[in-house]
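Working notes for the structure below.
Hydrogens, waters and symmetry mates play no part in the numbers below; they use all other heavy atoms, side chains included.
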Amino acid sequence: MSESALTIGELAARFGLATHVLRHWEDLGLLAPRRDSGGRRVYRADDAETVAVILLGKRVGLSLTEIARLFASAADRETRRELLRAHRDQLAARIARATAALDTIEHALDCGAPDFRSCPHFRAKVDEALRLGVDGVAAHPVDVPLSER
C-alpha cells in the first residue's frame, strides 16, 4: 500500500476508532473509500479529513443523520444554516436546563436550611414544578394543601 493510502485498520487506529465504525459510516453514505484490485478499502487524505469532520460534528452534538444532511447540503448554504440553527437552538435549550440544574444544586450545597425541603428557594422550585409539570408545560392543577407540604 502506498504511503498516502491507508487500510481500514490504519485509518481507524489514527482516530482511535473501531473498524466497524468506519464500515457503519460507509453504510450510511458518509464515507466512500476507494477499493483496490482485491476489493479492499483504500483510504486517502480526503477520507481522513471526512472522518475528522464527522468526529467534529459528533463532538458538537450532531447526530450521524444530521451530519449526512450537512454533507448532502454542503453547497446549499441556506439548508445548511437552517439545520445548524435548529441544532444551535436545541443546544442552547439543553445548556439553559443544565445551568438551571447546576444553580439548584449549588444552592442546595450552600443552603443553611436544616432540611432542604423547608428551604424557600427549594419550595419555589417545587411550586413551579407543580404549576408547570415535568416538561415545563402547564400541568393540570394539583391541589396540595399547605398542611401536606
Side-chain angles (χ1 to χ4, degrees), residues 1-113 116-117 119-142 144:
M1 187 137 324
S2 76
E3 192 173 304
S4 63
L6 300 170
T7 66
I8 191 169
E10 291 167 336
L11 183 62
R14 180 174 178 183
F15 290 98
L17 300 169
T19 57
H20 71 85
V21 171
L22 298 179
R23 288 187 201 96
H24 177 63
W25 292 351
E26 183 180 349
D27 290 342
L28 294 176
L30 295 170
L31 277 174
R34 295 147 194 90
R35 301 285 178 150
D36 66 13
S37 60
R40 291 179 297 269
R41 293 167 178 85
V42 177
Y43 295 92
R44 296 213 162 76
D46 60 327
D47 297 309
E49 184 174 307
T50 298
V51 170
V53 170
I54 293 167
L55 291 172
L56 177 60
K58 288 176 63 61
R59 197 171 314 137
V60 301
L62 293 169
S63 68
L64 291 176
T65 301
E66 290 169 320
I67 294 168
R69 286 178 49 210
L70 279 175
F71 284 2
S73 65
D76 181 358
R77 180 182 168 116
E78 193 50 40
T79 300
R80 183 178 66 244
R81 290 173 61 85
E82 285 175 25
L83 190 144
L84 292 173
R85 275 190 209 105
H87 184 69
R88 177 203 54 202
D89 294 348
Q90 291 170 358
L91 186 58
R94 281 198 315 263
I95 290 169
R97 287 190 303 272
T99 299
L102 183 60
D103 290 346
T104 299
I105 296 297
E106 286 183 353
H107 178 82
L109 286 169
D110 296 333
C111 184
F116 73 91
R117 294 172 293 180
C119 169
H121 180 78
F122 180 77
R123 292 298 332 148
K125 296 284 185 190
V126 170
D127 290 343
E128 181 181 14
L130 287 170
R131 192 172 55 259
L132 297 178
V134 175
D135 296 326
V137 178
H140 296 286
V142 177
V144 179

Going from [atom1] on [X] to [atom2] on [Y], what distance comes out if it is rounded to the nearest 0.5 angstrom?
X: Tyr43; Y: Leu6; atom1: OH; atom2: CG; result: 10.0 Å
X: Phe116; Y: Arg123; atom1: CZ; atom2: CZ; result: 10.0 Å
X: Leu70; Y: Arg80; atom1: CG; atom2: CZ; result: 8.0 Å
X: Ile105; Y: Cys111; atom1: CD1; atom2: SG; result: 12.0 Å
X: Arg41; Y: Leu11; atom1: CZ; atom2: CG; result: 11.5 Å
X: Asp27; Y: Arg23; atom1: CG; atom2: CZ; result: 9.5 Å

Could you check whether atom [atom1] of [X] has more than 12 heavy atoms from other residues, nucleotides or ligands sitting under 6.0 Å from it?
X: Arg34; atom1: CZ; answer: yes
X: Glu78; atom1: CD; answer: yes
X: Arg117; atom1: CZ; answer: no
X: Arg77; atom1: CZ; answer: no

Inset, instruction - Could you check Lys58 against Ser63 for side chain to side chain contact (heavy atoms under 4.5 Å, CB included), going step by step and ending with a plain yes or no? - result: CA-CA 6 Å; Lys58 288 176 63 61; Ser63 68; over 6 Å; no
Could you tell me which non-hydrogen atom of [X] sits nearest to which non-hydrogen atom of [Y], and how far apart they are?
X: Leu30; Y: Ala68; answer: CD2-CA, 3.5 Å
X: Leu22; Y: Ile8; answer: CD1-O, 3.7 Å
X: Ile54; Y: Ile67; answer: O-CD1, 3.5 Å
X: Leu83; Y: Glu66; answer: CD1-O, 3.9 Å
X: Val42; Y: Ala5; answer: CG1-CB, 3.6 Å
X: Gly61; Y: His87; answer: O-CE1, 3.1 Å

Legend entry - Step-by-step side chain to side chain contact (heavy atoms under 4.5 Å, CB included) determination, Phe71 to Val53: CA-CA 10 Å; Phe71 284 2; Val53 170; 3.6 Å; yes
Inset, instruction - Examine distances only and state if a side-chain atom of Asp47 and a backbone atom of Arg44 form a donor-acceptor pair shorter than 3.5 Å. - result: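 It does hold such a pair.
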Legend entry - Pair Thr65-Arg69, side-chain donor/acceptor within less than 3.5 Å: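 Not at all, the side chains of Thr65 and Arg69 share no donor-acceptor pair under 3.5 Å.
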Legend entry - Under-4.0 Å salt bridge between Glu26 and Arg35: yes
